[in-house]
Undergrad: 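Just dropping this structure here.
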Amino acid sequence: MATRWGICSAGKISHDFTVALKTLPAEEHQVVAVAARKLEDAQEFARKHSISRAYSSYEELARDPDIDVVYVGVIHPYHLKACLLFTNAKKNVLCEKPLAMNTKEVKEILDSAKKNDVFLMEAVWTRFFPVSVEVRKLLAQREIGEVKMVRSEFGIPLLHKPRLVEKELGGGALMSIGMYCLQFVCMVYNGERPESIQATGVCLETGVDETVIVTLKFSEKRMAVFTYSSSIQLPNDAIIVGTKGTIQIPARMWCPTSLVVNGKETQYPLPEPGLPQNFHNCTGMRYEAEEVRKCLLKGLKESPVMSHSDSLLLVELEDEIRRQVGVVYSQDCQ
């Protein structure tokens, strides 16, 4: 039987996710409903994607008995409220990253998922790409010996987008793009907590982070460094350096389609989208959807690839980076 999806929000990322779902077999994934704050937006989205039900509120979506899992695509200041709505309605949830604005909110979401005995996963889509699966395999096989250094960069000029600039919209480069570099480091070091973390950077006049360099020190003299920016174009690649070689992920390390292991490159092409998408390589969102279905069929409440403890580590490190750089959201003061 198909996994029946409900889509919460009719924005750009929800569009891309729905297009990605269409690249998977219809007998495995089906979108049955979409909800937006305005009925006409939900109806337009439903028409574009051939979805039978359109709701004018998220509450109606939460009450729909025919939904197995909800994809939450609202902007991140609203993740807490949306996730609690669906988990309390006993719905499984795939929530767009970042899971919430800070550690306190993330813990609240995780606690609610556990209490209601539902599946919950933060949609860190990068982790499910074939490239990432291969990287984890190579690291487990110690293909490049002992990992000593991880370096990663993500920078694109985005200051024209209010979502990146305005504090009340959850603005700031860390939450939108820097977290991809951080999650990569956490993945490579297998969820190990760093011994120390140092962040230095510059903020916008709105009080959110613009360009930041972060250095992490792990046990046994292992290091990581990453740079992220919402104002400049960076090389946007990543490299893992071991005692016996290197693993490189070329540009667009957050949605990778090629891998270079000790100089030898392998391509991992994505399927073509059925409709134009808003962001690069977004049919790659299919892999996180496949993971959700796999977990639901096994009766799991979290994914071993992006577990609740992974989300918790990620947000705790994000909070520390923000603290060092001086970014405070209203959610931090509640």
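The first residue in the sequence is number 1, and the count goes up from there.
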Undergrad: Count the heavy atoms of every other residue, nucleotide or ligand shown that sit under 6.0 Å from NZ of Lys301, and state whether that count exceeds 12.
TA: yes
Undergrad: Regarding Arg293 and Thr3, do their side chains bring together a donor and an acceptor under 3.5 Å, going by distance alone?
TA: yes
Undergrad: Name the one of Ile213, Val212, Thr211 that satisfies side-chain contact (heavy atoms from CB on, under 4.5 Å) with Ser229?
TA: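 Of all the options given, the one that passes is Thr211.
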Undergrad: Quick one: does Ser258's side chain get under 4.5 Å of Tyr268's, heavy atoms only?
TA: no
Undergrad: Any chance you could measure Glu134, atom CD, to Ile249, atom CD1, to the nearest 0.5 Å?
TA: 11.0 Å
Undergrad: Is there a path of hydrophobic side-chain contacts, each under 4.5 Å between heavy atoms of I/L/V/M/F/W/Y residues, joining Leu21 to Leu94?
TA: yes
Undergrad: Between Ser14 and Ile7, is there a donor-acceptor pair closer than 3.5 Å when you use the side chain of the first and the backbone of the second?
TA: no
Undergrad: Could you work out, with side-chain contact (heavy atoms from CB on, under 4.5 Å) as the rule, every residue matching Pro235, not counting sequence neighbours?
TA: Glu153, Asp237
Undergrad: Mind listing the closest non-hydrogen atom pair of Pro256 and Thr126 along with its distance?
TA: CD-CG2, 4.1 Å
Undergrad: Does either side chain, that of Asn116 or that of Asn88, offer a donor lying less than 3.5 Å from an acceptor on the other one?
TA: yes
Undergrad: Any side-chain heavy-atom pair from Leu99 and His79 closer than 4.5 angstrom?
TA: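 A side-chain contact under 4.5 Å is absent here.
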Undergrad: Mark yes or no for whether Asp16, through its side chain, and Asn278, through its backbone, hold a donor-acceptor pair below 3.5 Å.
TA: yes
Undergrad: Verify whether one side chain among Glu122 and Ser311 offers a donor that lies under 3.5 Å from an acceptor in the other.
TA: yes
Undergrad: The test is side chain to side chain contact (heavy atoms under 4.5 Å, CB included); show your working for Ser9 and Tyr71 and say whether it passes.
TA: CA-CA 9 Å; Ser9 142; Tyr71 170 78; over 6 Å; no
Undergrad: Just verifying a value: how many Å separate Ile321 CD1 and Leu216 CG, rounded to the nearest 0.5 Å?
TA: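 The CG atom of Leu216 is 6.5 Å from CD1 of Ile321, to the nearest 0.5 Å.
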Undergrad: Which heavy atom of Gly170 sits nearest to which heavy atom of Met101, and what is that distance?
TA: CA-CE, 3.8 Å
Undergrad: With a 3.5 Å distance limit and no angle check, can you tell me whether Asn236 reaches the backbone of Arg252 through a side-chain donor-acceptor pair?
TA: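 Checking the backbone N and O of Arg252 against the side chain of Asn236, no donor-acceptor pair under 3.5 Å is found.
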Undergrad: Is there side-chain contact between Glu318 and Met175, with heavy atoms separated by less than 4.5 Å?
TA: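 Yes - at least one pair of side-chain heavy atoms lies under 4.5 Å apart.
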Undergrad: Where do Thr246 and Ile144 land on the side chain to side chain contact (heavy atoms under 4.5 Å, CB included) test, with the steps shown first?
TA: CA-CA 6 Å; Thr246 59; Ile144 57 165; 5.6 Å; no
Undergrad: With Ile247, which of Ile239, Leu139, Val260 fulfils side-chain contact (heavy atoms from CB on, under 4.5 Å)?
TA: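 When Ile239, Leu139, Val260 are each tested with Ile247, the side-chain contact (heavy atoms from CB on, under 4.5 Å) holds only for Leu139.
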Undergrad: Evaluate the side-chain proximity of Leu120 to Asn92: yes if any heavy-atom separation is below 4.5 Å, no if none is.
TA: no
Undergrad: Tell me if the aromatic rings of Phe184 and Trp254 count as close, with their centers under 6.0 Å from one another.
TA: no
Undergrad: Considering residues, nucleotides and ligands other than Gln198, do more than 12 of their heavy atoms fall under 6.0 Å from its CD?
TA: no
Undergrad: Is there any salt bridge (charged side-chain N to carboxylate O under 4.0 Å, His left out) pair reaching into residues 265-291, and which pairs are they, with sequence neighbours excluded?
TA: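 For residues 265-291: Glu291-Lys294.
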Undergrad: Quick one: list whatever passes salt bridge (charged side-chain N to carboxylate O under 4.0 Å, His left out) with Glu302, sequence neighbours left out.
TA: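 Checked Glu302 against salt bridge (charged side-chain N to carboxylate O under 4.0 Å, His left out); zero matches.
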Undergrad: Grab the two heavy atoms, one from Val34 and one from Ala46, that are nearest each other, plus how far apart they are.
TA: CG1-CB, 4.0 Å
Undergrad: Mind listing the closest non-hydrogen atom pair of Phe128 and Val133 along with its distance?
TA: O-CG2, 4.1 Å
Undergrad: Please, which pairs that meet salt bridge (charged side-chain N to carboxylate O under 4.0 Å, His left out) have at least one residue in residues 42-56, sequence neighbours excluded?
TA: Glu44-Arg47, Arg53-Asp64, Arg53-Asp66
Undergrad: Centre-to-centre under 6.0 Å for Tyr228 and Phe154, is that the case here?
TA: no
Undergrad: Under the ring-ring contact (aromatic ring centres under 6.0 Å, His included) definition, can you give me all pairs with a residue in residues 35-56, not counting sequence neighbours?
TA: His15-His49, Phe45-His49
Undergrad: Roughly how far, to the nearest 0.5 Å, is OG1 of Thr23 from CG of Leu270?
TA: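 Those atoms lie 9.0 Å apart.
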Undergrad: Kindly compute the distance separating CE (Met253) from OG (Ser152), expressed to the nearest 0.5 Å.
TA: 3.5 Å
Undergrad: Show every salt bridge (charged side-chain N to carboxylate O under 4.0 Å, His left out) that has at least one partner inside residues 29-41, sequence neighbours left out.
TA: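 Residue pairs passing salt bridge (charged side-chain N to carboxylate O under 4.0 Å, His left out), neighbours aside: none found.
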Undergrad: Count I, L, V, M, F, W, Y as connected when their side-chain heavy atoms are under 4.5 Å apart, and connections chain through other members. Are Leu110 and Leu317 then in the same cluster?
TA: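 No; Leu317 is not reachable from Leu110 via cluster members.
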Undergrad: Does a donor on one side chain sit under 3.5 Å from an acceptor on the other, for Glu168 and Tyr329?
TA: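 Note: Glu168 and Tyr329 side chains miss the donor-acceptor criterion.
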Undergrad: When you compare the side chain of His29 with that of Trp5, does any pair of heavy atoms fall below 4.5 Å?
TA: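 Yes. Closest side-chain heavy atoms under 4.5 Å.
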Undergrad: With a 3.5 Å cut-off and no angle check, do the side chains of Glu60 and Ser56 form a donor-acceptor pair?
TA: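 Present: a donor and an acceptor within the cut-off.
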Undergrad: Using modelled atom types and a 3.5 Å cut-off, is there a donor and acceptor pairing between side-chain atoms of Lys22 and backbone atoms of Phe17?
TA: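 It does not hold such a pair.
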Undergrad: Assess whether atom OH of Tyr78 is packed by more than 12 heavy atoms of other residues, nucleotides or ligands within 6.0 Å.
TA: no
Undergrad: Identify which one of Asp209, Asn102, Asp332 satisfies the side chain to side chain donor-acceptor pair (under 3.5 Å) criterion when paired with Arg322.
TA: Asp332
Undergrad: Thr243 versus Lys148: any side-chain heavy-atom pair under 4.5 Å?
TA: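 They are in contact (side-chain heavy atoms under 4.5 Å apart), so the answer is yes.
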Undergrad: Give the intermediate values and the outcome of side chain to side chain contact (heavy atoms under 4.5 Å, CB included) for residues Val93 and Met121.
TA: CA-CA 7 Å; Val93 172; Met121 187 176 92; over 6 Å; no
Undergrad: Just verifying a value: how many Å separate Phe218 CZ and Asn190 CG, rounded to the nearest 0.5 Å?
TA: 11.0 Å
Undergrad: Would you mind telling me which of Arg193, Lys104, Arg323 makes a salt bridge (Lys or Arg N to Asp or Glu O under 4.0 Å) with Glu316?
TA: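 Single pass found, and it is Arg193.
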Undergrad: Taking atom NE2 of His160 and atom OG of Ser231, what is their separation to the nearest 0.5 Å?
TA: 12.5 Å
Undergrad: Taking Arg222 for the side chain and Ser219 for the main chain, is one N or O donor matched with an acceptor at less than 3.5 Å?
TA: yes
Undergrad: Would you say Gln141 has more than 12 foreign heavy atoms packed within less than 6.0 Å of its CD?
TA: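 Buried by this count: over 12 neighbours within 6.0 Å.
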Undergrad: Would you indicate whether the side-chain heavy atoms of Glu320 and Ile197 approach each other to under 4.5 Å?
TA: yes
Undergrad: So, for Leu164 and Ala173, which heavy atoms are closest and what is the spacing to 0.1 Å?
TA: CD1-CA, 4.2 Å
Undergrad: Provide the closest heavy-atom pair for Ala20 versus Met285 in the form atom of the first, atom of the second, distance.
TA: CB-CB, 3.8 Å
Undergrad: Keeping Thr206 on the side-chain end and Val165 on the backbone end, is there a donor-acceptor pair under 3.5 Å?
TA: yes
Undergrad: Are Val131 and Thr257 packed together at the side-chain level, in the sense that at least one heavy-atom pair is separated by less than 4.5 angstrom?
TA: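 They are not in side-chain contact.
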Undergrad: Hey, does the side chain of Ser307 reach the backbone of Ser303 with a donor-acceptor pair shorter than 3.5 angstrom?
TA: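 Looks like no, no N/O pair under 3.5 Å.
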Undergrad: Say whether, by atom type as modelled, one donor and one acceptor occur between the side chain of Gln43 and the main chain of Ala54 under 3.5 angstrom.
TA: no
